Amino acid sequence: TEMAFAFNKGMDETVRQAQAQGILGKVKKHWNTSGDDQVCDICRGLDGVELDMDKDFDYKGRVLFPGHKLLPPAHPRCGCAIEYIEVEPPVFNDVPASESMVLDTVDILLPDSAEGTYSVDAGGEEIPGQNEPKYLGSLDNLSDNVVKLTLEKYESEIVEYDQESAVVVTAAGLIFQCFGTKNNVFLIDDMGDDLEGASVTHSHPVGSDNEYSFSNWDIQFFMDFNLKILRGIDEKYVYELSRKTGEVDPHVTIDELYVSDGDSSRHDEVITFAEIWGIGYRRWKR
């Protein structure tokens with residue numbers, strides 16, 4: 001039952017984030033039962049019901065927490081789930097590049113000078129200049145243990161920075177530090193093809209848009225560049241994506257999900273992503 005709460009809440013949040021990013025438009029939620037002979041009368045009456053995202057489903061039972069009836073399960077051991085149906089496409093505003101731009105992807109970060117600073121036209125506001133990647137040395141021994149110890153060593157330094165920073169150990173054993181802003185680090189622009197098969201760690205500074213786990217962009221970055229390992233560190237946690245299929249944290253309990261000030265909600269979503277994509281994911285307190 002707790003896994004059903006976590007799964008349905010995680011998928012709901014994924015859809016909402018996709019809408020916020022303009023990937024999905026207006027969506028209806030469609031109640032689906034398991035379709036077998038164990039479906040109860042309550043859920044049989046809900047099967048096929050479609051509602052707007054923020055509307056409650058109508059079924060009996062006390063409300064356990066705010067938003068309880070937005071999603072399944074309707075009762076203990078309920079096997080129902082939600083299908084999300086896009087009824088209107090996302091709206092894309094045709095805004096000239098010289099006007100307002102959203103600073104949430106590395107694609108808009110452009111070289112500004114030979115000194116390695118970066119800037120972007122965002123309604124006249126520029127990102128402060130950043131340093132080129134800094135060469136820190138190399139490793140002769142590329143065993144998993146040595147690479148991890150190397151990343152851990154630098155994590156203790158970059159976690160104290162006010163701006164996001166990353167340390168990369170390339171597949172060839174070269175070590176670089178890359179620099180960013182409060183919410184971004186310019187890894188793709190800085191390292192390019194050298195990221196293929198690399199091991200990477202990065203910081204989430206205090207006050208950044210940090211959900212105490214990996215963002216969707218982090219996960220996509222890990223997959224696209226076939227990273228060996230991707231780690232993150234903030235003031236509370238260390239988290240790690242790896243190629244070790246099956247090494248995934250257990251889903252959080254209902255108490256953790258709804259009494260943790262949001263720390264566990266994103267964590268549980270990433271657990272679901274890891275299970276779907278067949279990768280390893282762990283998070284632990286510092």
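All values derive from a computational prediction rather than experimental measurement.
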Keeping E88 on the side-chain end and K26 on the backbone end, is there a donor-acceptor pair under 3.5 Å?
no
For T253 and E2, does a side-chain donor sit closer than 3.5 Å to a side-chain acceptor?
no
Do L241 and V147 belong to the same hydrophobic cluster, where Ile, Leu, Val, Met, Phe, Trp and Tyr are linked whenever their side-chain heavy atoms lie under 4.5 Å apart, directly or via other members?
no
For the residue pair K285 and Y237, would you count it as a cation-pi contact if the rule is NZ or CZ under 6.0 angstrom from the ring centre and within 45 degrees of the ring axis?
no
Selection residues 34-45 - residue pairs positive for side-chain hydrogen bond (donor to acceptor under 3.5 Å, both in side chains), sequence neighbours left out:
S34-D36, D41-R44
Donor + acceptor pair across side chains of S165, Q177 (<3.5 Å):
yes
Give me the other members of the hydrophobic cluster that V39 sits in, counting Ile, Leu, Val, Met, Phe, Trp and Tyr linked by side-chain heavy atoms under 4.5 Å, directly or via other members.
none
Report the C-alpha distance between L139 and T150 in whole Å, list the side-chain angles of each, state the deciding distance to 0.1 Å, and finish with yes or no for side-chain contact (heavy atoms from CB on, under 4.5 Å).
CA-CA 9 Å; L139 294 177; T150 301; 3.7 Å; yes
Do C40 and H75 come close enough that some side-chain heavy atom pair is under 4.5 Å?
yes
Residue pairs, two or more places apart or on separate chains, that pass salt bridge (Lys or Arg N to Asp or Glu O under 4.0 Å) and touch residues 272-282:
E240-R282
Rounded to the nearest 0.5 Å, what separation is found between the SG atom of C178 and the CD1 atom of I158?
10.5 Å
L187 and I219: same hydrophobic cluster, using ILVMFWY side-chain contacts below 4.5 Å?
yes
Would you list the pairs meeting salt bridge (Lys or Arg N to Asp or Glu O under 4.0 Å) in which at least one residue belongs to residues 46-60, sequence neighbours left out?
R16-D54, K28-D52
Hey, what else clusters with W31 if you join Ile, Leu, Val, Met, Phe, Trp, Tyr whenever side-chain heavy atoms sit under 4.5 Å?
F7, M11, V15, L24, V27, I42, L46, V49, L51, M53, F57, Y59, L70, L71, I82, Y84
Side-chain donor-acceptor contact under 3.5 Å, S208 with N210:
no
Please report the shortest heavy-atom distance between A171 and E196, naming the atom on each side.
CB-O, 3.9 Å
Do Y154 and V169 sit in one hydrophobic cluster, given that two such residues count as connected whenever their side-chain heavy atoms are within less than 4.5 Å of each other, even indirectly?
yes
Who are the ring pair (Phe, Tyr, Trp, His ring centres under 6.0 Å) partners of H68, not counting sequence neighbours?
F5, F65
Does F221 have any ring pair (Phe, Tyr, Trp, His ring centres under 6.0 Å) partners at least two apart in sequence or in another chain, and if so, which?
W217, F225
Summary of salt bridge (Lys or Arg N to Asp or Glu O under 4.0 Å) pairs that have at least one residue in residues 160-171, sequence neighbours excluded
none
Dump the intermediate steps for side-chain contact (heavy atoms from CB on, under 4.5 Å) on S203 and R231, then the final yes or no.
CA-CA 9 Å; S203 61; R231 291 166 61 98; over 6 Å; no
Measuring from atom CG of D12 to atom CD of E269, what distance do you get when rounded to the nearest 0.5 angstrom?
9.0 Å
Donor-acceptor pair, side chain of S264 and main chain of H267, under 3.5 angstrom:
no
Between L136 and F176, is the side-chain contact (heavy atoms from CB on, under 4.5 Å) condition met? List the steps.
CA-CA 5 Å; L136 301 177; F176 293 91; 6.0 Å; no
Got a sec, which pairs hit salt bridge (Lys or Arg N to Asp or Glu O under 4.0 Å) with one end in residues 68-87, sequence neighbours left out?
none
Sequence neighbours excluded, which residues qualify as ring pair (Phe, Tyr, Trp, His ring centres under 6.0 Å) partners of H202?
H204
Does the side-chain contact (heavy atoms from CB on, under 4.5 Å) test come out yes or no for I175 and V168, once each step is laid out?
CA-CA 6 Å; I175 309 171; V168 179; over 6 Å; no
Working to the nearest 0.5 Å, report the span between CG of L230 and OG1 of T201.
7.5 Å
Give me the atom names and distance for the closest heavy-atom approach of N8 to A81.
OD1-CA, 3.5 Å
Going by an N to O cut-off under 4.0 Å, is there a salt bridge joining D144 and K228?
yes
Which residues pass the ring pair (Phe, Tyr, Trp, His ring centres under 6.0 Å) test with F222, not counting sequence neighbours?
none
Compare all side-chain heavy atoms of Y212 with those of R283 and state whether any distance is below 4.5 angstrom.
yes
Could you measure the distance from the CG atom of D249 to the CH2 atom of W284? Nearest 0.5 Å is fine.
9.0 Å
Kindly say whether Q163 contributes a backbone atom to a donor-acceptor pair with the side chain of Y161 at under 3.5 angstrom?
no
Could you state the interatomic distance from CG (N32) to SG (C80), rounded to the nearest 0.5 Å?
8.0 Å
Linking I/L/V/M/F/W/Y whenever any side-chain heavy atoms sit under 4.5 Å apart, do L142 and L227 land together?
no
For T245 and I279, indicate whether the former's side chain and the latter's backbone hold a donor-acceptor pair under 3.5 Å.
no
To the nearest 0.5 Å, atom CD1 of I271 lies from atom CG of D268 at 5.0 Å
List for me each residue that meets side chain to side chain contact (heavy atoms under 4.5 Å, CB included) alongside S213, sequence neighbours excluded, and say none if there are none.
R266, V270, Y281
Smallest heavy-atom separation, I85 atom then H30 atom, equals CD1-CB, 3.8 Å
Establish whether I229 and V248 are linked, either directly or via other cluster members, by ILVMFWY side-chain heavy-atom contacts under 4.5 Å.
no
